[in-house]
Amino acid sequence: RSDLQGKNPQVLGTLVDITDLKEAELALREISQAQQRFVNDAAHELRAPLTAIQGNLDLIHRYSNMAEEDKEEALADVAREATRLSRLVQDMLALAKGDAGTELRMEEFSLGTVLEDAVKATTMLTREHLLEVSEFEDVCILGDYDRLKQVLVILLDNASKYTPTGGQIRVHLERSGQQVLIHVSDTGMGIAEEDQPRVFERFYRGQLSREKDPGGTGLGLPIAKWIIEKHGGKISLQSQLGIGSTITLHLPVLKEVASS
Ligand code: ADP
């Protein structure tokens with residue numbers, strides 16, 4: 001006992017080390033459990049499109065004299081499921097890179113440039129909506145250009161997927177101290193209150209969105225979250241079922257854009 005009271009600092013040092021080790025071990029166990037869960041969920045998600053592809057190909061093989069129309073339908077199903085499979089693999093790789101601690105390629109650029117780029121990249125998706133980008137005072141940020149573009153594309157893609165034709169999508173920037181807030185709002189179907197805390201979890205998809213867009217992966221928002229957090233920012237959500245949603249990115253500002 002007296003050793004613990006400081007007479008023998010070596011023993012105390014060892015005890016502290018053991019506590020650290022225990023903590024590290026627990027942390028490692030948590031990481032490996034999370035990875036295990038990810039692998040299980042991934043296998044589960046991959047199985048559905050694979051089964052559909054196999055089933056349809058089997059059908060075509062077995063019934064060589066099947067009606068042309070039915071064959072077309074089965075092939076269209078194969079194509080759709082293959083697209084979903086490739087999207088899943090792509091998104092999983094993006095997340096695996098995040099887990100592996102892949103470093104971002106940081107550079108200085110204006111938020112306006114990346115926003116314009118993301119809007120252009122999604123014109124095909126948002127063409128049936130009223131898209132409005134409000135005027136804003138541009139700022140310079142330090143970030144990974146491609147990754148931030150990816151985040152904005154995910155948000156615009158979601159806004160268009162979950163908003164009926166003719167609905168509104170609005171991008172609005174707000175300055176808050178040393179941060180810039182980027183709000184992407186829509187007048188779409190909204191997210192049920194019980195789903196809201198879960199939409200940033202990997203593979204989680206709201207029930208309504210599964211019906212609306214069976215091709216989704218449930219990985220868009222988790223990808224957006226890790227990218228934004230890697231930039232020292234955060235992502236938040238406000239939504240009302242049947243009214244619409246706003247996803248907000250909070251990012252640190254590097255400096256003002258010099259006016260010419
Ligand atoms: P996905 O869109 O492929 O399902 P995400 O991770 O991007 O995956 O989104 C997770 C879930 O969050 C969606 O399935 C949907 O339920 C909900 N969601 C995300 N963005 C919106 C939005 N703008 N409007 C309504 N629901 C949304």
Side-chain angles (χ1 to χ4, degrees), residues 34 37-38 41-42 44-49 52 80-99 115 118-119 121-122 124-133 147-172 181-230 234-250:
R37 206 175 322 126
F38 181 60
D41 291 348
H44 176 82
E45 291 294 325
L46 291 171
R47 209 169 289 137
R80 204 169 31 244
E81 295 297 337
T83 306
R84 178 165 151 74
L85 205 52
S86 116
R87 207 178 297 158
L88 270 166
V89 170
Q90 232 174 335
D91 285 355
M92 280 179 207
L93 283 176
L95 275 173
K97 275 188 191 157
D99 289 346
L115 183 55
V119 167
T122 49
M124 282 305 281
L125 303 169
T126 56
R127 68 186 191 283
E128 285 169 349
H129 299 91
L130 299 166
L131 174 69
E132 178 200 332
V133 180
R147 298 271 189 207
L148 281 180
K149 179 177 162 190
Q150 186 183 5
V151 172
L152 293 165
V153 167
I154 288 170
L155 301 189
L156 290 166
D157 181 19
N158 278 349
S160 72
K161 276 194 308 196
Y162 302 123
T163 302
T165 305
Q168 281 180 10
I169 301 173
R170 180 168 174 243
V171 183
H172 162 71
L181 311 190
I182 309 158
H183 308 281
V184 180
S185 314
D186 62 61
T187 56
M189 61 191 222
I191 305 172
E193 216 164 299
E194 64 268 25
D195 285 337
Q196 290 182 18
R198 304 203 55 193
V199 291
F200 294 100
E201 287 174 19
R202 296 172 180 197
F203 299 113
Y204 189 81
R205 307 198 65 211
Q207 187 51 42
L208 284 176
S209 43
R210 281 182 187 271
E211 290 160 22
K212 177 108 180 64
D213 171 40
T217 64
L219 293 176
L221 288 182
I223 292 175
K225 184 170 185 282
W226 89 254
I227 296 175
I228 293 302
E229 286 177 353
K230 263 290 214 187
K234 72 174 195 162
I235 182 165
S236 59
L237 158 75
Q238 251 193 322
S239 182
Q240 240 183 311
L241 206 56
I243 307 258
S245 314
T246 299
I247 313 281
T248 302
L249 307 175
H250 308 240

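Count residues from 1 along the sequence. Atoms within a ligand are numbered from 1 in the order they appear, just like the ligands themselves.
Near ligand 1, heavy-atom contacts under 4.0 Å come from N158, A159, K161, Y162, D186, G190, I191, V199, Y204, R205, G206, S209, G216, T217, G218, L219, G220, L221, P222, S245.
A salt bridge links R84 to E45: at least one charged side-chain nitrogen sits closer than 4.0 Å to a carboxylate oxygen.
Heavy atoms of other residues, nucleotides or ligands lying less than 6.0 angstrom from CD of Q238 number 12 at most. In this structure, E211 places its CD atom where more than 12 heavy-atom neighbours from other residues, nucleotides or ligands lie under 6.0 Å away.
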Return all side-chain donor-acceptor pairs below 3.5 angstrom for residues 215-223, not counting sequence neighbours, or 'none' if the list is empty.
residue, atom, partner, partner atom, Å
T217, OG1, D91, OD2, 2.9
T217, OG1, L219, N, 3.1

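Side-chain atoms of R127 come within 3.5 Å of backbone N or O of M124 as a donor-acceptor pair.
None of L152, L156, V153 except one satisfies the side-chain contact (heavy atoms from CB on, under 4.5 Å) rule with V119; the exception is L156.
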